[in-house]
Structure formats: structure tokens, C-alpha cells
Amino acid sequence: MEKLKVGIIGATGMVGQRFITLLYNPPYFEIAALVAGPRSAGKKYAEAVDGRWKMKTPCPDEILNMQVISSDEVELVGSMVDFVFCAVSMSKDETKALEERYAKAEIPVVSNNS
């Protein structure tokens, strides 16, 4: 069975980190894109979360070596994934606007937000 390629928006935050631990290497999903804000964009995930990894289990090396993509790169992310999980820590209006940009680009969004 082919795995579904997923992206995690807000990958550097605590909820995004939890998504990584849950989605890494299960039979149905492959983490294909780690997405975050401008401060982390362009960095290797290891650099973006340096000193901020909060999970008890260590981050997999494969994930640590992935490059973080800016949340503004909607089309790029869409070309890499089947859908995204959204785990951002933003205001409700900002979160809604971000999720709508992905949805309008026909990228299914699974939201962790209210």
C-alpha cells in the first residue's frame, strides 16, 4: 500500500512536534513537508528546533535533516503532499486565514484548531 504524503504546518511548535512523533513511520503516512513561519523557513529542522524539542522520544534523524518550508509557500507544499495537518499557535483569525489559503489551493487541511 502506498503511504499518503503529509505536511505539518507549525512543525517546530510543541503540537507540531507531537504530530511528528505520531506520524513518523506508521504504515499509512509519510512526512513529506515540515512547514513553519519565516524564522524557521530554509533551515534544517534540527537547527529550527535546536534546544526546543519537547518530546520524550528523540526526533528521528530523517526528520532532523529535512528543510523547513515557509508557510507562505502554499503551492510548493501542495506539490509535495496529499494533505496537511495544521498545528499552528496563532490567533483564531490568523489560523483561519492560513488554513483557507491551503484549502483554496485544493490542499486538504486537517486542523488541530478550534
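On a predicted model such as this, the values are computed, not experimentally measured, just so you know.
- Two different hydrophobic clusters hold I20 and I69 under the rule that ILVMFWY side chains link at heavy-atom gaps under 4.5 Å.
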**Asked** Yes or no on side-chain hydrogen bond (donor to acceptor under 3.5 Å, both in side chains) for N25 and E62, after CA distance, side-chain angles and deciding distance?
**Response** CA-CA 11 Å; N25 215 15; E62 180 181 349; over 6 Å; no
**Request:** Could you please spell out the steps behind the side-chain hydrogen bond (donor to acceptor under 3.5 Å, both in side chains) verdict for E73 and S70?
**Result:** CA-CA 6 Å; E73 297 286 338; S70 172; 5.5 Å; no
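- Annotation: R101, atom CZ; neighbour count of heavy atoms from other residues, nucleotides and ligands within 6.0 Å is above 12.
- Side-chain contact check for L22 versus F29: every heavy-atom pair is 4.5 Å or farther apart.
- How far CZ of F19 is from CG of N112: 4.5 Å, rounded to the nearest 0.5 Å.
- Of the possible polar contacts, one joining the D82 side chain to the K5 backbone as a donor-acceptor pair under 3.5 Å is found.
- Each of V109 and Y28 belongs to its own hydrophobic cluster when Ile, Leu, Val, Met, Phe, Trp and Tyr are linked at side-chain heavy-atom distances under 4.5 angstrom.
- No path of Ile, Leu, Val, Met, Phe, Trp and Tyr side chains, each step under 4.5 Å between heavy atoms, connects I31 with M80, placing them in separate hydrophobic clusters.
- Judged by distance alone, with hydrogens and angles left aside, the side-chain atoms of N65 form a donor-acceptor pair with the main-chain N or O of D61 at under 3.5 Å.
- The minimum heavy-atom distance between E99 and S111, with the atom names listed, is OE2-OG, 2.6 Å.
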**Request:** I would like to know whether C59 and V49 meet side-chain contact (heavy atoms from CB on, under 4.5 Å); could you show each step before the answer?
**Result:** CA-CA 10 Å; C59 186; V49 296; 5.9 Å; no
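- Under the 4.5 Å side-chain criterion, counting only non-hydrogen atoms from C-beta, I63 is in contact with Y24.
- One hydrophobic cluster, built from ILVMFWY side chains closer than 4.5 Å, holds both L64 and M14.
- Looking at Y102, its side chain never comes within 3.5 Å of a backbone N or O of C86 through a donor-acceptor pair.
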**Request:** Show your reasoning for whether side-chain contact (heavy atoms from CB on, under 4.5 Å) applies to M66 and K44.
**Result:** CA-CA 6 Å; M66 290 177 70; K44 295 272 186 184; over 6 Å; no
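- Between V6 and V84 there is no side-chain heavy-atom pair separated by less than 4.5 Å.
- Atoms CG and NZ, on N113 and K96 in that order, are 13.0 Å from each other to the nearest 0.5 Å.
- Note: the hydrophobic cluster containing M90 also contains I107 (ILVMFWY, side chain heavy atoms under 4.5 Å, direct or indirect links).
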**Item:** Residue pair F85, I9: steps toward the side-chain contact (heavy atoms from CB on, under 4.5 Å) verdict
**Value:** CA-CA 6 Å; F85 289 96; I9 304 172; over 6 Å; no
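- Put simply, the side chain of S40 never gets that close to the backbone of A36: no donor and acceptor are under 3.5 Å apart.
- Side-chain atoms of Q17 come within 3.5 Å of backbone N or O of K54 as a donor-acceptor pair.
- In this structure, the side chains of V35 and V68 stay at 4.5 Å or more apart for every pair of heavy atoms.
- In this structure, A32 and V81 approach most closely via the heavy-atom pair CB-CG1, 4.2 Å.
- For the residue pair R52 and T12, the shortest heavy atom distance occurs at NH2-CB, 3.6 Å.
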